[in-house]
A.B. asks: 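One structure follows; several queries about it will come next.
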Amino acid sequence: MLAGEHGRATQKAMEILSSLGTIYGAERMVRVSSVQISGVSYSNLGEAGLQFLSEMAEGGGRARVLATLNPAGMDVENWRTLGISEEFAENQVRVLEAFARMGVVTTCTCTPYLAGNLPRFGEHIAWAESSAVCYANSVLGARTNREGGPSALAAALTGRTPAYGLHLDRERQPAATIRVEGRVEGSDGFGILGKAIGERLLEWTGQAVPYIKGVGQASLEELKSFCASLATYGGTALFHMEGITPEAAQMRAPEDAVLVTEGDVETARESLTDAESAELDFVSLGCPHLSVAEIARLAELLEGKQVRKEFWVTTSRPAKAIADRMGYSEIIEASGAKFAVDTCCVVAPIQGRFRAMATDSAKACYYAAGRHGFGTAIRSFDEVVGEALR
Ligand code: F3S
């Protein structure tokens, strides 16, 4: 590949990977079975990024393994309803077409593991979305570093990645123990816990792999929220959680433990709300993208009611298709809430469009404030719906 025998794009891809391998001291390449590529929104890529993708497509680049995409800047089918401009939509379509020409599946989601891209325990993969990377490593027990957009694409075109970091047993060992006090529940509760632990880890050890004790139990939805938040606030790509994640039983937790108290969690909760209920003019659920079970719950809460604020329901195209079949979409749309499929409230170009947002996601709070300039209010899933109806 490096010698150019498989075409110019594959050669370029292998050049990227071998440079990365040299920088990180990798001794070899490993085959990957799955790729997830970030940097899909035209607002992140711009013309320069689109140019790079077009060159790779024209140079004969072709995905050798299953590769899917992170959310784009708009709902591919429903962008007008979300107030996306014609010009942005045209550019976003050009991006998706370039990926499609390379055989990348244009399912745009940060929960690829709920949409047909589900690696098994121990598999080497190359994923880029930070929340999905944390979920794949920790909850599924697959092995990936946090790739950038170009290195993930390069892995797709070659089916390889350099073997360093979290691909190696020694790098997956826990270096810090966190003991959680008190009961945590809900997507909001787990996101808030992720913030409290992530910030504590950064102060204490830098980006060490944590071994987390005391949580007891967690649902898929709670774990996806926790992963998104821990990756956002702690830069964490792997954790082990006693009794919950698959590698935890094989690992020995370091003796010294740091306590995360109910007070720490409460402080983290308070820090994520700076807007009063009266200021909220935007409501969003689905960071990370909603599961079918969450959409079903939403339909139950919205049945026969009318929302009074702009309300985005963000999810993947496959989850939406199931929601359509089950009649959930009809109920949700009849309430005035809008599906924002393939995209989310962070990567869509909505800077300054709203004053303040209610969400159950600690990660969405971080980016809505930092990227869009919105005030934020974190609530439980059901309370977010209550805000939309108020
Ligand atoms: Fe997914 Fe967007 Fe949140 S990519 S994790 S919904 S910021």
Side-chain angles (χ1 to χ4, degrees), residues 36-45 68-76 82 84 92 95-96 106-115 117 127-139 146-149 152 187-188 190-192 194-195 198 220-237 272 282-291 294-295 298 311-320 338-351 354 357-374 376 378 381 384:
Q36 196 256 358
I37 301 169
S38 65
V40 179
S41 173
Y42 181 75
S43 53
N44 293 341
L45 278 171
T68 53
L69 295 177
N70 217 29
M74 63 181 199
D75 184 316
V76 175
L82 302 179
I84 304 295
Q92 186 63 71
V95 170
L96 296 178
T106 54
T107 294
C108 302
T109 182
C110 50
T111 57
Y113 46 89
L114 298 179
N117 190 353
W127 283 18
E129 157 57 33
S130 66
S131 64
V133 165
C134 190
Y135 191 96
N137 275 315
S138 315
V139 181
R146 182 177 170 180
E147 301 295 339
S187 45
D188 59 320
F190 272 81
I192 290 163
K195 180 177 194 285
L220 182 157
E221 286 77 11
E222 289 168 336
L223 287 169
K224 82 176 160 67
S225 177
F226 181 73
C227 288
S229 180
L230 191 60
T232 300
Y233 292 98
T236 306
L272 290 169
F282 183 44
V283 172
S284 183
L285 285 172
C287 173
H289 275 172
L290 293 180
S291 67
E294 288 172 312
I295 300 175
L298 183 57
F311 186 175
W312 284 19
V313 179
T314 66
T315 190
S316 65
R317 188 65 57 190
K320 170 70 164 43
K338 297 172 182 172
F339 273 97
V341 184
D342 316 306
T343 187
C344 77
C345 66
V346 169
V347 297
I350 54 172
Q351 290 85 346
F354 303 102
M357 177 177 87
T359 176
D360 65 337
S361 165
K363 175 175 179 176
C365 288
Y366 179 90
Y367 285 103
R371 193 183 265 222
H372 297 329
F374 301 164
T376 57
I378 194 153
F381 188 94
V384 169

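Numbering of ligands and ligand atoms starts at 1, following listing order. In this chain, residues are counted from 1 in sequence order.
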A.B. asks: Does a side chain donor of either Ser43 or Ser41 reach within less than 3.5 Å of an acceptor in the other side chain?
C.D. replies: yes
A.B. asks: Counting only heavy atoms not in Phe381, do more than 12 sit closer than 6.0 Å to its CZ atom?
C.D. replies: yes
A.B. asks: Answer with yes or no whether the side chains of Glu221 and Ser187 bring together a donor and an acceptor at under 3.5 Å.
C.D. replies: no
A.B. asks: Looking at every non-hydrogen atom in both residues, tell me the closest pair between Cys344 and Pro71 and how far apart they are.
C.D. replies: N-CB, 4.5 Å
A.B. asks: Using a cut-off of 2.8 Å, count how many protein N, O or S atoms are strictly closer to atom 1 (Fe) of ligand 1.
C.D. replies: 1
A.B. asks: Under 3.5 Å, is there a donor-acceptor pair linking the side chains of Thr359 and Ser361?
C.D. replies: no
A.B. asks: Got a sec, which pairs hit side chain to side chain donor-acceptor pair (under 3.5 Å) with one end in residues 224-235, sequence neighbours left out?
C.D. replies: Lys224-Glu294
